[in-house]
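A short worksheet on the structure shown next.
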Number of protein chains: 2
Amino acid sequence: MARQGLTAERLAKVGAELADEIGFDQLTVSAVARQVGVQPASVYAHLSGTGDLRARVALLALEELADLVSEALAGRAGIDALVAYADAYRDYARAHPGRWAAMQTPLDPATAARSAGPRIAAMTRAVLRGYDLAGEDQTHAVRLIGSSLRGFIDLEAAGSFDHSGPAPAVSWRHTLVALDTLLRAWPPRAEHDHGQPTLEGR
Amino acid sequence: MARQGLTAERLAKVGAELADEIGFDQLTVSAVARQVGVQPASVYAHLSGTGDLRARVALLALEELADLVSEALAGRAGIDALVAYADAYRDYARAHPGRWAAMQTPLDPATAARSAGPRIAAMTRAVLRGYDLAGEDQTHAVRLIGSSLRGFIDLEAAGSFDHSGPAPAVSWRHTLVALDTLLRAWPPRAEHDHGQPTLEGR
DNA sequence: GTGCTCTACCTACAGGCTGTAGTACAAATC
DNA sequence: GATTTGTACTACAGCCTGTAGGTAGAGCAC
């Protein structure tokens, strides 16, 4: 009855917190409405639906992560920058699993262009400035780093590392050192009996 | 009216195909019922609900992938085995996006133990037998490989590589060569001005 | 073939979520 | 105080889940 002062921004913020608690795939218009103590229909005055809600949470998460990465990278280079960059990702994902999940769902191209995604991409390339990479090699390196970090974080979040060996944090450190090693020696060369079979297609 | 001969196995198979078409997150009891031309309630005679349906699709996908990987690895070692292993993963994910997504969702521990997951894990370690890794190093290597491949495949599926540089397949080859290089030189060592800052915690 | 049993599949329904239409009431402006 | 604006409401239609209880076909005994 009394006005709550709902806005799309506030709903996105509530949605982000709720996603961290109950999981991004459980995030619905109804859940947000319940959380702020309002009827579901009222939310539709500010959001166009569940898809809109989730996209806004994703945008919010990208902004937050971009800010954290930006802060982490300040004044660092080489492996220090790489570690700071990677830790910013992993720390964020662990602290905010719902927002992390939100960031993984593809945005439509127009929205993606307006998001903080490009800002993050630029910082990723900035990390690689500490290494000696030119042209396409840089793209390959960006993709390798992105793949490894995202894969590790997803597997850790899914609990895939829970039932074996040393703590994930130890493997994480090894992974970062390994990536640093690779970047310093880029491009990698297959030195194998058969020559370079892997670059010949199948 | 006429009997369809529904079974849990057949429903899981239909579910797998449907997931590839409409997306794993759109896979519901209702959708499967529609697909086989039956009332939703009838499906509950064979499955305990949407969760059960999705878990069965995941198990089916794990079996399929395990068979493919097993076949791909036969008679190969070293980088050839690594490439065959990785390509089996990527090919499967590209051919069956819904089943790939199904495999990513965590199963409950009891089900996971009975799945083809352990079989796949054993084959992953088999790939590493071509390299000289002992004890914990092997675990770290398994995790790095798993992370990199899964991350790459997920990013490619999400379309993250669509708007830049060379074709993903090119980066994929580079990634595999890079991983091979790393495995041959394992453990990686940080050779940096500051010593080994990354192994000291933060 | 008649009757029995099992079970596959059905209709009907309760409850939750989405999204739309139309309404009441609070706040801001004049 | 009257008007305007917009916030939040009730009511509803539609789809999905999952349960309860009923019908009919398949296989078997005789």
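So that the names make sense, note that chain A is the first sequence line, chain B the second, and so on, each numbered from 1.
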Which whole-number value in Å describes the distance from A:E9 CD to D:dT7 C1'?
15 Å
Under the side-chain contact (heavy atoms from CB on, under 4.5 Å) test, residues paired with B:S70 that sit two or more places apart:
B:M123
Using atom CD of A:Q35 as one end and atom P of C:dC17 as the other, report the distance to the nearest whole Å.
14 Å
For A:E64, salt bridge (Lys or Arg N to Asp or Glu O under 4.0 Å) partners two or more places apart:
A:R99
With sequence neighbours excluded, tell me which residues meet side-chain contact (heavy atoms from CB on, under 4.5 Å) with B:Q35.
B:V14, B:L18
Between atom CG in A:L6 and atom C1' in D:dT7, what is the gap in whole Å?
8 Å
The criterion is side chain to side chain donor-acceptor pair (under 3.5 Å); which residues satisfy it with A:S164, sequence neighbours excluded?
B:R143
Just jot down the side-chain contact (heavy atoms from CB on, under 4.5 Å) partners of A:R76, sequence neighbours excluded, or say none.
A:D80, A:A81, A:A84
Would you be so kind as to tabulate the donor-acceptor pairs closer than 3.5 Å made by side chains of residues 42-50 of chain A, with sequence neighbours excluded?
unit_1: A:S42; atom_1: OG; unit_2: A:Q39; atom_2: O; d: 3.4

From C-beta outward on A:Q39, which listed nucleotide comes closest to its side chain: D:dT19, D:dT10, D:dA8?
D:dT10
Check side-chain contact (heavy atoms from CB on, under 4.5 Å) between A:A157 and all other residues, then give those that pass, not counting sequence neighbours.
none
Go through residues 42-50 of chain A and report each residue with a non-hydrogen atom lying under 4.0 Å from DNA chain C, sorted by number.
A:Y44, A:G49, A:T50
Can you tell if the side chain of A:S148 reaches within under 4.5 Å of the side chain of A:L179, non-hydrogen atoms only?
yes
For nucleotides 12-15 of chain D, list the nitrogen or oxygen atoms of the protein found under 3.5 Å from its nitrogen or oxygen atoms, one pair per line.
none

Sequence neighbours left out, cut at 3.5 Å: what donor-acceptor pairs do the side chains of residues 100-120 of chain A make with other protein atoms?
unit_1: A:W100; atom_1: NE1; unit_2: A:D154; atom_2: OD1; d: 2.8
unit_1: A:Q104; atom_1: OE1; unit_2: A:R150; atom_2: NE; d: 3.2
unit_1: A:Q104; atom_1: OE1; unit_2: A:R150; atom_2: NH1; d: 3.0
unit_1: A:Q104; atom_1: NE2; unit_2: A:W100; atom_2: O; d: 3.1
unit_1: A:T105; atom_1: OG1; unit_2: A:A102; atom_2: O; d: 3.0
unit_1: A:D108; atom_1: OD1; unit_2: A:T111; atom_2: OG1; d: 2.5
unit_1: A:D108; atom_1: OD2; unit_2: A:T111; atom_2: OG1; d: 3.3
unit_1: A:S115; atom_1: OG; unit_2: A:A112; atom_2: O; d: 2.6
unit_1: A:S115; atom_1: OG; unit_2: A:G117; atom_2: N; d: 2.9
unit_1: A:R119; atom_1: NH1; unit_2: A:E63; atom_2: OE1; d: 3.4
unit_1: A:R119; atom_1: NH2; unit_2: A:D67; atom_2: OD1; d: 2.4

Listed once per pair and sorted, the ring pair (Phe, Tyr, Trp, His ring centres under 6.0 Å) pairs that draw on residues 114-164 of chain A, sequence neighbours left out
A:H140-B:H174, A:F152-A:F161, A:F152-A:W172
Near DNA chain D, which residues from residues 21-32 of chain B have a heavy atom under 4.0 Å away?
B:T28, B:V29, B:S30
